[in-house]
Amino acid sequence: MDDRKGMLIVVSGFSGVGKGTVIQLLIDSLPHLQFSISCTTRKPRVGEENGVNYFFLSEEEFESKIAAGEFVEYTKTFTNYYGTLKSEIDKPLAHGVDVLLELNVVGARNIKEMYPDSVTIFITPPSIDVLKARLIGRGTESPESIARRLKEIEIESKEIEHYDYCVTNNIARSCADKIVNIIRSEHLKVSRQNVKKLFDAEA
Ligand code: 5GP
């Protein structure tokens with residue numbers, strides 16, 4: 001594992017698809033995987049903690065980090081900023097640790113452009129009806145917010161074809177297992193391995 005190269009893994013998915021549960025299972029399954037904690041100006045939902053789910057910032061705090069060049073990417077949705085701090089990805093990657101980013105489609109596209117060897121994965125629901133029911137059942141969103149998120153779903157669905165992988169989340173455990181397989185296979189790609197090392201050992 002000495003010369004293991006850290007890999008960027010980007011996970012996206014429609015709001016309410018259950019990304020959070022799948023991501024937690026991935027973190028629990030893979031010791032070399034670290035979740036990149038994003039910054040946001042969105043208010044915390046019940047159960048969310050600052051420095052765990054997100055760094056929750058005011059708009060002024062977020063904008064001063066933009067000015068200081070602290071983000072590798074950021075985006076503004078209808079009402080909130082979301083952004084990935086350079087510090088959340090540079091250090092782990094340099095130490096051979098994989099970094100998992102949960103990003104919207106804009107962020108995923110930007111990261112793929114900047115890091116072409118990143119792995120992008122889109123999580124889909126079994127059907128759009130299942131997703132709508134989950135979103136409403138979550139009980140954390142106002143009717144306006146649900147309407148906004150449904151509009152986002154329509155826009156985001158057009159971006160799926162640009163992802164490397166698409167995985168259905170029917171049962172979180174099996175969705176996570178599929179993503180674990182993707183990550184393990186990606187690490188076996190010749191381009192990610194130091195094959196020359198085989199011959200160095202002979203010398
Ligand atoms: P939520 O408010 O439901 O936590 O997230 C809303 C959207 O923002 C989701 O699609 C999520 O993946 C995305 N998101 C979270 N953090 C970031 C980030 O740092 N950058 C970008 N571009 N999108 C993010």
Side-chain angles (χ1 to χ4, degrees), residues 8-24 26-27 34-59 61-63 65-66 68-90 92-93 99-115 118-125 128 131-132 134-160 162-167 169 172 175 179:
L8 278 185
I9 300 135
V10 178
V11 170
S12 303
F14 304 132
S15 189
V17 80
K19 287 174 299 230
T21 310
V22 172
I23 287 172
Q24 193 52 55
L26 291 173
I27 303 289
Q34 188 171 309
F35 179 65
S36 160
I37 304 168
S38 293
C39 294
T40 184
T41 54
R42 164 169 83 60
K43 296 280 166 283
R45 296 193 185 110
V46 176
E48 285 185 330
E49 272 182 63
N50 188 38
V52 177
N53 307 88
Y54 282 105
F55 297 112
F56 294 100
L57 305 180
S58 67
E59 204 154 302
E61 286 169 327
F62 199 104
E63 285 171 353
K65 285 189 186 295
I66 296 174
E70 289 186 42
F71 291 112
V72 65
E73 66 78 38
Y74 71 90
T75 186
K76 195 170 190 185
T77 59
F78 292 92
T79 44
N80 294 302
Y81 279 116
Y82 292 87
T84 307
L85 291 167
K86 286 180 186 162
S87 57
E88 282 292 302
I89 63 173
D90 287 348
L93 283 185
V99 181
L100 182 69
L101 307 162
E102 191 215 314
L103 304 178
N104 67 0
V105 292
V106 178
R109 205 187 314 130
N110 288 336
I111 289 288
K112 191 71 177 176
E113 268 173 38
M114 283 182 279
Y115 300 87
S118 59
V119 179
T120 55
I121 303 169
F122 199 93
I123 301 181
T124 56
I128 290 297
L131 183 67
K132 278 184 190 164
R134 275 190 207 164
L135 205 51
I136 293 163
R138 186 152 88 174
T140 55
E141 312 290 327
S142 64
E144 297 75 35
S145 166
I146 289 174
R148 243 190 352 248
R149 282 173 188 272
L150 290 176
K151 185 78 199 150
E152 275 173 37
I153 285 168
E154 204 187 311
I155 298 165
E156 286 177 347
S157 62
K158 298 191 175 81
E159 291 286 325
I160 300 176
H162 300 299
Y163 281 73
D164 297 318
Y165 297 92
C166 177
V167 183
N169 182 20
C175 177
I179 297 177

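Numbering of ligands and ligand atoms starts at 1, following listing order. Quick note: residue numbers are just sequence positions, from 1.
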Check your understanding: Within less than 4.0 angstrom of ligand 1, does Tyr74 place any heavy atom?
Key ->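 Tyr74 does not count as a contact of ligand 1 under the 4.0 Å cut-off.
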**Study point:** 4.0 Å heavy-atom contact, Val106 with ligand 1
**Key:**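 False for this residue.
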Around [atom], find the nearest protein heavy atom and jot down its residue, atom name and distance.
| atom | answer |
| --- | --- |
| atom 3 (O) of ligand 1 | Arg45 NH2, 3.0 Å |
| atom 4 (O) of ligand 1 | Tyr54 OH, 2.5 Å |
| atom 12 (O) of ligand 1 | Glu102 OE2, 3.0 Å |
| atom 23 (N) of ligand 1 | Asn104 N, 3.1 Å |
| atom 20 (N) of ligand 1 | Glu73 OE2, 2.7 Å |

Does an N or O anywhere in [X] fall below 3.5 Å from an N or O of ligand 1?
| X | result |
| --- | --- |
| Ser38 | yes |
| Gly83 | yes |
| Arg42 | yes |
| Glu156 | no |
| Thr75 | no |

Check your understanding: Near Gly107, which atoms of ligand 1 are under 4.0 Å from a heavy atom of that residue?
Key ->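 Selected atoms, number and element: 22 (N).
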Check your understanding: Can you list the atoms of ligand 1 that are under 4.0 Å from a heavy atom of Arg149?
Key ->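 By the 4.0 Å cutoff, the relevant atoms are 2 (O), 3 (O).
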Check your understanding: Within a radius of less than 6.0 Å around NZ of Lys19, do more than 12 heavy atoms belonging to other residues, nucleotides or ligands occur?
Key ->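 It does: Lys19 NZ has more than 12 such atoms within range.
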Review point. Should the heavy atoms of other residues, nucleotides or ligands under 6.0 Å from OH of Tyr74 be counted, would the total exceed 12?
Key: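 No, OH of Tyr74 has 12 or fewer neighbouring heavy atoms, counting only those of other groups under 6.0 Å.
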Review point. Out of curiosity, Leu101 CG to Ile23 CD1, how far, rounded to the nearest 0.5 Å?
Key: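 One finds 9.5 Å between CG of Leu101 and CD1 of Ile23.
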Point to revise | Value rounded to 0.5 Å, distance of CZ in Phe35 from CG in Asn53 | key: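 The CG atom of Asn53 is 7.5 Å from CZ of Phe35, to the nearest 0.5 Å.
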Taking [X] for its side chain and [Y] for its backbone only, find out whether a donor-acceptor pair lies under 3.5 Å.
| X | Y | result |
| --- | --- | --- |
| Glu88 | Leu85 | no |
| Lys112 | Asp164 | no |
| Ser12 | Phe122 | no |

Exercise for review: Please determine which of Ile128, Ile123, Leu135 meets the side chain to side chain contact (heavy atoms under 4.5 Å, CB included) test together with Phe14.
Suggested key: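 The residue from Ile128, Ile123, Leu135 that satisfies side chain to side chain contact (heavy atoms under 4.5 Å, CB included) with Phe14 turns out to be Ile128.
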Check your understanding: Mind checking whether Phe62 and Tyr81 have parallel, tilted or perpendicular rings, split at 30° and 60°?
Key ->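 Geometry flag for Tyr81 against Phe62: parallel rings.
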